[in-house]
Amino acid sequence: MGFVQETRFSGAEWSDTALWRQWQPPQVMAPFIRLGTLTIKIRQRPSAPMPLFISCLGGDNLLFKVRGGARNVASATVQALIVRLLATQPPGCVRFTFIDPVDMGQSMEAFTQLSSYNPALVTSRVWTEPAYIEQQLSEISEYIAHIIHNVFRGIYATIEEYNERSGQPPLPYRVLVVLGFPFGFTLNGVHRLVNIAKNGTRCGVSTVVVFDAKQPQPQGFELTDLELVSTVISWDGMRFTWRGMDVGKSMASATVADGPEMDVFGDK
């Protein structure tokens, strides 16, 4: 409990109104943030609920695998994650690109208002059409290549190392949010997204993708390529599951973003 209190807004429950009333823009980066709550069950006996943290920002990609209506639940979780990022990182240190072709941008529309505060925080709109989606993916790919070849130059391995040692203004972190994937994506766009996920994290570029299995799949598309470089949270028809968590033969259940129940199964 002491650790959670030390994390302050990174680990606080949304219902902790007394703490949130004290919120001020942070001055330093938070290395991890809360995604929900976790209960580990061993031999069907649950532990006390505990916060479920994920690393951020450049340290991880997230992939939600859903089907049909569960996409709305995952989208709500992503919205809560974005709010948490905005609340726990210094102003201007996190920048977003939103792709939402299924809902025509409605899920992320509220966040585009950030551009009135600082146009650099978000792109000018939520991208919904294949040609514009491909353009945004191309620009992010070029940004990653620029950071690797012209900024890191073989001297720095990660954005954290560069920001700490270079003596230059810190590079911002970037989050690419894709909802309803792969709807609206060409096969070339899919490959660009996978390449961004593979190479972006050390440059401070993370992907948060909601994959909907009910959407048409481009011929030649392999979700495995994206799964290999992401933390995967799946909907099994009843609850969310997180496979690969190293908890032996135990089972853990979690509530994501104060929303639906997510069961997390360890490696058998």
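Values in this document were obtained by computation on a predicted structure and should not be read as measured data.
- Shown here for Leu187 and Phe221, the closest heavy-atom pair between the two residues is CD1-N, 3.9 Å.
- Taking CD of Gln89 as the reference point, atom OH of Tyr173 lies at 8.5 Å (rounded to 0.5 Å).
- Residues Gln106 and Asp100 have side chains that never bring a donor and an acceptor to within less than 3.5 angstrom of each other.
- The shortest side-chain heavy-atom distance between Arg202 and Glu160 does not fall under the 4.5 Å cut-off.
- Nearest heavy atoms, Ile144 versus Val205: CG1-CG2, 4.0 Å.
- In this structure, CG on Leu63 lies 6.0 Å from CD on Glu227, to the nearest 0.5 angstrom.
- Looking at Asn118 and Leu114, their side chains never come closer than 4.5 Å, going by heavy atoms from C-beta outward.
- Closest of all the heavy-atom pairs between Gly180 and Gln215 is O-CG, 3.8 Å.
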### Task
Tell me, with the steps shown, if Val232 and Lys65 meet side-chain contact (heavy atoms from CB on, under 4.5 Å).
CA-CA 7 Å; Val232 181; Lys65 295 172 59 178; 3.4 Å; yes

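- Among Leu193, Leu137, Val177, Thr123, the single residue meeting the side chain to side chain contact (heavy atoms under 4.5 Å, CB included) criterion with Ile99 is Leu137.
- Taken from OG1 in Thr88 to CD1 in Ile33, the straight-line distance is 5.0 Å, to the nearest 0.5 Å.
- Separation of the Phe96 and Phe98 ring centroids falls under the 6.0 Å cut-off.
- Note on Ile140: it clusters hydrophobically with Ile148, by side-chain heavy-atom contacts below 4.5 Å among ILVMFWY residues.
- Proximity of a side-chain donor or acceptor of Trp23 to a complementary backbone N or O of Ala87 within less than 3.5 Å is detected.
- In this structure, the side chain of Asn61 engages the main chain of Ala197 through a donor-acceptor pair within 3.5 Å.
- Between the side chain of Asn195 and the backbone N or O of His191 there is no donor-acceptor pair closer than 3.5 Å.
- Judged by distance alone, with hydrogens and angles left aside, the side-chain atoms of Glu161 form a donor-acceptor pair with the main-chain N or O of Ala157 at under 3.5 Å.
- Counting heavy atoms from C-beta on, the side chains of Pro101 and Glu129 never come closer than 4.5 Å.
- When every heavy atom of Cys93 is checked against every heavy atom of Met29, the shortest pair comes out as CB-SD, 3.7 Å.
- Classified by interplanar angle (parallel below 30°, tilted 30° to 60°, perpendicular above 60°), the ring pair Phe9/Trp20 is tilted.
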*Please test Glu134 against Thr186 for side-chain hydrogen bond (donor to acceptor under 3.5 Å, both in side chains), starting from the C-alpha separation and ending with a verdict.*
CA-CA 8 Å; Glu134 194 121 357; Thr186 64; 2.8 Å; yes

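- Side chains of Gln27 and Pro90 form no contact here, defined as non-hydrogen atoms less than 4.5 Å apart.
- Counting heavy atoms from C-beta outward, Val190 and Phe181 have side chains that approach closer than 4.5 Å.
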Would you check, one step at a time, whether the test side-chain contact (heavy atoms from CB on, under 4.5 Å) holds for Asp212 with Val102?
CA-CA 10 Å; Asp212 187 348; Val102 175; 6.0 Å; no

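- In this structure the side chain of Val94 reaches within 4.5 angstrom of the side chain of Val175, judged on heavy atoms.
- Residues Pro91 and Pro26 approach most closely at CD-O, 3.7 Å, considering heavy atoms.
- Using a cutoff of 4.0 Å between basic side-chain nitrogens and carboxylate oxygens, Asp103 and Arg71 are scored as salt-bridged.
- When all heavy atoms are compared, the tightest approach of Pro172 to Ile159 is O-CD1, 3.7 Å.
- Separation of atoms CZ (Arg21) and CG (Asp16) is listed at 9.5 Å; rounding is to 0.5 Å.
- Residues Val78 and Met104 do not share a hydrophobic cluster, clusters being chains of Ile/Leu/Val/Met/Phe/Trp/Tyr side chains in contact below 4.5 Å.
- In Tyr132, the OH atom is not crowded: 12 or fewer heavy atoms of neighbouring residues, nucleotides or ligands sit closer than 6.0 Å.
- For the side chain to side chain donor-acceptor pair (under 3.5 Å) test, no residue two or more places apart in sequence or in another chain qualifies with Ser166.
- Here the side chains of Val208 and Val178 are not in contact, with every heavy-atom distance at 4.5 Å or above.
- Cluster membership for Ile196 and Phe183, using ILVMFWY side-chain heavy atoms within less than 4.5 angstrom, is not shared.
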List the steps and the verdict of side-chain contact (heavy atoms from CB on, under 4.5 Å) for Phe211 and Val66. CA-CA 6 Å; Phe211 167 79; Val66 300; over 6 Å; no

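- Both tests pass for Arg174 against the ring of Tyr143: distance under 6.0 Å to the centre and angle within 45° of the axis.
- Distance check, rounded to the nearest 0.5 Å: CG of Asn72 to OG1 of Thr77 gives 11.0 Å.
- Atom CG of residue Asn150 and atom CD1 of residue Ile147 lie 8.5 Å apart, to the nearest 0.5 angstrom.
- Looking only at side-chain heavy atoms (C-beta outward), Thr224 and Leu226 stay at 4.5 Å or farther from each other.
- Note on Val83: it clusters hydrophobically with Leu121, by side-chain heavy-atom contacts below 4.5 Å among ILVMFWY residues.
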Practice task
Take Phe64 and Ser234, measure what side-chain contact (heavy atoms from CB on, under 4.5 Å) needs, and give me the verdict at the end.
Solution key: CA-CA 6 Å; Phe64 293 86; Ser234 303; over 6 Å; no

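- A salt bridge does not link Arg125 to Glu109: none of the charged side-chain nitrogens sits closer than 4.0 Å to a carboxylate oxygen.
- A chain of hydrophobic side-chain contacts below 4.5 Å, direct or via other Ile, Leu, Val, Met, Phe, Trp or Tyr residues, connects Leu19 to Leu85.
- Between Tyr156 and Tyr162, the angle of the ring planes goes over 60°, which puts this pair in the perpendicular group of the 30/60° scheme.
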